[in-house]
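Heads up: the structure comes next, in structure tokens.
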Number of protein chains: 2
Amino acid sequence: MKISHVSEQWGIPVDTLRYYERIGLLPAVNRSESGIRDYSELDLRRVEFIKCMRNAGLPIEVLSRYMDLVQQGDSTIEARKDILIRQRGQLAARMAEMQKTLDLLNHKIEVYEQKILEKEQVIHQLQMDEWENEHYAI
Amino acid sequence: MKISHVSEQWGIPVDTLRYYERIGLLPAVNRSESGIRDYSELDLRRVEFIKCMRNAGLPIEVLSRYMDLVQQGDSTIEARKDILIRQRGQLAARMAEMQKTLDLLNHKIEVYEQKILEKEQVIHQLQMDEWENEHYAI
DNA sequence: GCTTGACTTAGAGCTAACTCCAAGTATTAC
DNA sequence: GTAATACTTGGAGTTAGCTCTAAGTCAAGC
């Protein structure tokens, strides 16, 4: 699969895909005779993994380290697990912070809705007054 | 309250507090005669709000726009509500993405734990074999 | 009155993560 | 065969959000 296809399929710019490869986050992708990238199934699974992790804000440096360990084989399983556990903790912490913010946003939006309702009632009252002035004035 | 105190209390570097003020995110803080910042109760509430929102990744530009509208008074209530609703949506979307990543991390960690267990069993088996060789060999 | 340390400013520098550019080669459509 | 399009590279440029520096002022302690 060519880079443009991968880019479309996963919604990742071609520049970014090449960038990931250049910095060693994505292991070297196989090329055709003329040097054009041909993404294998394994490459695609890696791309998907990286995309998922980057989406959640895991730093490239950490992911690079993890991918290196994967390349080194089974002796690095514990180290890999440690990385994932640490990142999971940080992710959960960030999500907890975001939940607090979400709660605050919900509260503030409710307050605004209340204020808007009150404003509308005032306008309605004013309109009623006007109507009465027009039609029932002596 | 002086800037260093605010910084300690809220865990925000003094440079960042000054930066927020410089770019207009935090409205100008009152100064002593000699020009030293003296944060009011209102300033502190603003700092807390900004900290909470920034923690969740809301962009400074959006927060600046929101703070400007607050300064302009009640006529901007609808616009402010719209901003908060839009940001709430984006925040919820980010959190959903992060939840997916968290699920994947949990799954991968489980798999690693399983692998480690298997490895230990193999080692244990090897030790048993050795023990048997040593003690029960003919 | 002098030192120490907190404060001030404008502006430069830094980091992460892309994103774009120029110049060149290869493939595809007609 | 030629034009248009897609690919390649190395390296420069961009963005958001700080973070640091230099040079100076001010207040408190000894």
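Per chain, numbering begins at 1; letters A, B, ... match sequence-line order.
Here A/I23 lies out of heavy-atom contact (under 4.0 Å) with every strand. If you check every strand for non-hydrogen atoms under 4.0 Å, B/R37 touches sugar and phosphate atoms only.
For DNA chain D, the outermost nucleotides in 5' to 3' order that have an atom under 4.0 Å from a heavy atom of chain A are D/dC7 to D/dG11.
Under the 4.5 Å side-chain heavy-atom criterion for Ile, Leu, Val, Met, Phe, Trp and Tyr, B/Y39 and B/V14 are members of the same hydrophobic cluster. Under the 4.5 Å side-chain contact rule for hydrophobic residues, A/L84 and B/V111 do not share a cluster. When the side chains of ILVMFWY residues are joined at heavy-atom separations under 4.5 Å, either directly or via intervening members, B/L63 and B/L42 end up in two distinct hydrophobic clusters.
You'll find the side chain of B/Y19 stays beyond 4.5 Å of the side chain of B/L25, heavy atoms only.
Each side chain to side chain donor-acceptor pair (under 3.5 Å) pair with one or both residues in residues 50-67 of chain B, not counting sequence neighbours, appears once here: A/E97-B/N55, A/Y112-B/Y66.
Judged by distance alone, with hydrogens and angles left aside, the side-chain atoms of B/D38 form no donor-acceptor pair with the main-chain N or O of B/R31 at under 3.5 Å.
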Using a 4.0 Å heavy-atom cut-off, write out nucleotides 14-30 of chain C from 5' to 3' as B (base contacted by protein), S (sugar-phosphate only) or - (no contact).
---BBBB-----SS---

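By the 6.0 Å contact criterion, CD on A/Q71 is enclosed, its count of non-hydrogen atoms from other residues, nucleotides or ligands being greater than 12. The local environment of NZ in B/K100 is sparse, with at most 12 non-hydrogen atoms from other residues, nucleotides or ligands closer than 6.0 Å.
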